[in-house]
Amino acid sequence: MNKTIIININGIVFHIEEDAYEILKNYMTDVKRHFSNSADSLEITTDIENRVAEMFNELLANENKQVIVEQDVHTIIEQMGRVEDFENLEDETASANTQYTYDTGTRRLFRDPDDHLVSGVCAGIANYFDIQPLWIRLTIIYNTMDSNTPGLHSRRPYGNEGSETKFTGL
């Protein structure tokens, strides 16, 4: 007979054995410590806690159990990944970012619905040329202002700079 503790994760109440609770507490402490320097540390750790709660809930429902045991915590930690795995993944990502590759075979012109001001057209063009959407937007604004639209500039369109219109009347 083992001592159980009642915990609340993501608004869901769980009964967990004391040994399993210590393992889970150490894991979450390590996760919080790992992401403490990140700008989104609170959001990341909250998401991890929410996912752990979902996995515990599924586990209890599937196995028709009422108490989380030590083996269940180890299973969830293996599925979520250990903190050492996070560090290894960040090292691999950092080394992958230093190697630049240029792939011309998979370029597509598309509207970018994630980065859109006006339908995502400028963002899609910017993605195609691998530049910031701001530069495409500024180019389009400049070209619109530089066009021969009356009232925007004082110059006359199509080479009529030398001729003067005589206005007689009124």
Side-chain angles (χ1 to χ4, degrees), residues 1-140:
M1 184 182 217
N2 294 331
K3 184 177 177 181
T4 63
I5 300 172
I6 299 173
I7 62 172
N8 182 345
I9 306 174
N10 191 28
I12 304 171
V13 176
F14 296 103
H15 294 273
I16 186 169
E17 287 185 352
E18 189 174 24
D19 296 337
Y21 172 74
E22 288 300 320
I23 294 170
L24 180 63
K25 184 173 107 177
N26 291 336
Y27 175 72
M28 290 309 300
T29 302
D30 290 343
V31 167
K32 287 178 183 178
R33 187 177 305 121
H34 176 74
F35 290 110
S36 65
N37 294 331
S38 174
D40 300 326
S41 64
L42 179 63
E43 182 179 355
I44 293 169
T45 55
T46 303
D47 288 345
I48 291 174
E49 285 179 358
N50 293 344
R51 182 61 185 140
V52 166
E54 290 172 5
M55 294 171 83
F56 278 149
N57 210 15
E58 291 171 5
L59 183 82
L60 293 176
N62 290 341
E63 296 183 10
N64 200 16
K65 296 179 1 178
Q66 294 181 354
V67 177
I68 298 168
V69 296
E70 189 174 336
Q71 182 59 38
D72 298 335
V73 174
H74 285 298
T75 302
I76 298 299
I77 290 173
E78 287 300 317
Q79 288 178 350
M80 292 294 293
R82 299 193 179 281
V83 176
E84 296 83 24
D85 297 337
F86 300 157
E87 292 169 355
N88 292 339
L89 182 62
E90 287 177 358
D91 293 341
E92 290 173 8
T93 307
S95 65
N97 287 340
T98 58
Q99 300 171 352
Y100 297 103
T101 59
Y102 188 71
D103 185 15
T104 59
T106 59
R107 289 182 141 191
R108 284 186 52 221
L109 187 59
F110 63 95
R111 286 182 22 202
D112 189 358
D114 297 329
D115 186 17
H116 66 282
L117 285 180
V118 180
S119 302
V121 175
C122 292
I125 294 169
N127 284 335
Y128 182 79
F129 290 111
D130 196 28
I131 58 175
Q132 293 291 321
L134 173 70
W135 298 115
I136 299 295
R137 292 177 184 133
L138 289 174
T139 303
I140 288 175

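With sequence neighbours left out, Glu63 forms a side chain to side chain contact (heavy atoms under 4.5 Å, CB included) with Leu59, Lys65, Asp72. Every side chain to side chain contact (heavy atoms under 4.5 Å, CB included) that Glu78 has, sequence neighbours left out, goes to Arg82. With sequence neighbours excluded, no residue forms a ring pair (Phe, Tyr, Trp, His ring centres under 6.0 Å) with Tyr27. Listed by chain and residue number, Asn143 satisfy the side chain to side chain contact (heavy atoms under 4.5 Å, CB included) test with Thr139 (two or more places apart in sequence, or in another chain).
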Would you list the atom pairs, donor with acceptor, under 3.5 Å between side chains in residues 7-16 and any protein atom, with sequence neighbours excluded?
unit_1: Asn8; atom_1: OD1; unit_2: Gly11; atom_2: N; d: 3.0
unit_1: Asn8; atom_1: OD1; unit_2: Ile12; atom_2: N; d: 3.3

List the atom pairs, donor and acceptor, that lie under 3.5 Å between side-chain atoms in residues 41-52 and the rest of the protein, sequence neighbours left out.
unit_1: Thr45; atom_1: OG1; unit_2: Ser41; atom_2: O; d: 2.9
unit_1: Thr45; atom_1: OG1; unit_2: Leu42; atom_2: O; d: 3.1
unit_1: Thr46; atom_1: OG1; unit_2: Leu42; atom_2: O; d: 2.7
unit_1: Glu49; atom_1: OE2; unit_2: Lys32; atom_2: NZ; d: 3.3
unit_1: Asn50; atom_1: ND2; unit_2: Thr46; atom_2: O; d: 3.3
unit_1: Arg51; atom_1: NH1; unit_2: Glu54; atom_2: OE1; d: 3.1

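Rounding to the nearest 0.5 Å places NE2 of His34 at 14.5 Å from OG1 of Thr29. In this structure, CG in Asn2 is found 9.0 Å from OG1 in Thr4, a value given to the nearest 0.5 Å. Taken from CG in Asp30 to NZ in Lys25, the straight-line distance is 12.0 Å, to the nearest 0.5 Å. Once rounded to the nearest 0.5 Å, the distance linking CD1 of Ile125 with CD1 of Ile131 reads 9.0 Å.
Applying the salt bridge (Lys or Arg N to Asp or Glu O under 4.0 Å) rule to pairs touching residues 7-21 yields nothing, sequence neighbours excluded.
Counting only heavy atoms from C-beta outward, the side chains of Phe56 and Leu24 approach each other to under 4.5 Å. Under the 4.5 Å side-chain criterion, counting only non-hydrogen atoms from C-beta, Val67 is not in contact with Leu60.
Distance alone, capped at 3.5 Å, places no donor-acceptor pair between the Asn57 side chain and the Ala53 backbone.
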**Request:** Start with the C-alpha gap between Ile140 and Trp135, add the side-chain angles, then the distance that decides, and say whether side-chain contact (heavy atoms from CB on, under 4.5 Å) holds.
**Result:** CA-CA 9 Å; Ile140 288 175; Trp135 298 115; over 6 Å; no
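Within a 6.0 Å sphere centred on CD of Gln79, other residues, nucleotides and ligands contribute more than 12 heavy atoms.
In terms of heavy atoms, Ala123 sits closest to Arg137 at CB-NH2, 4.2 Å.
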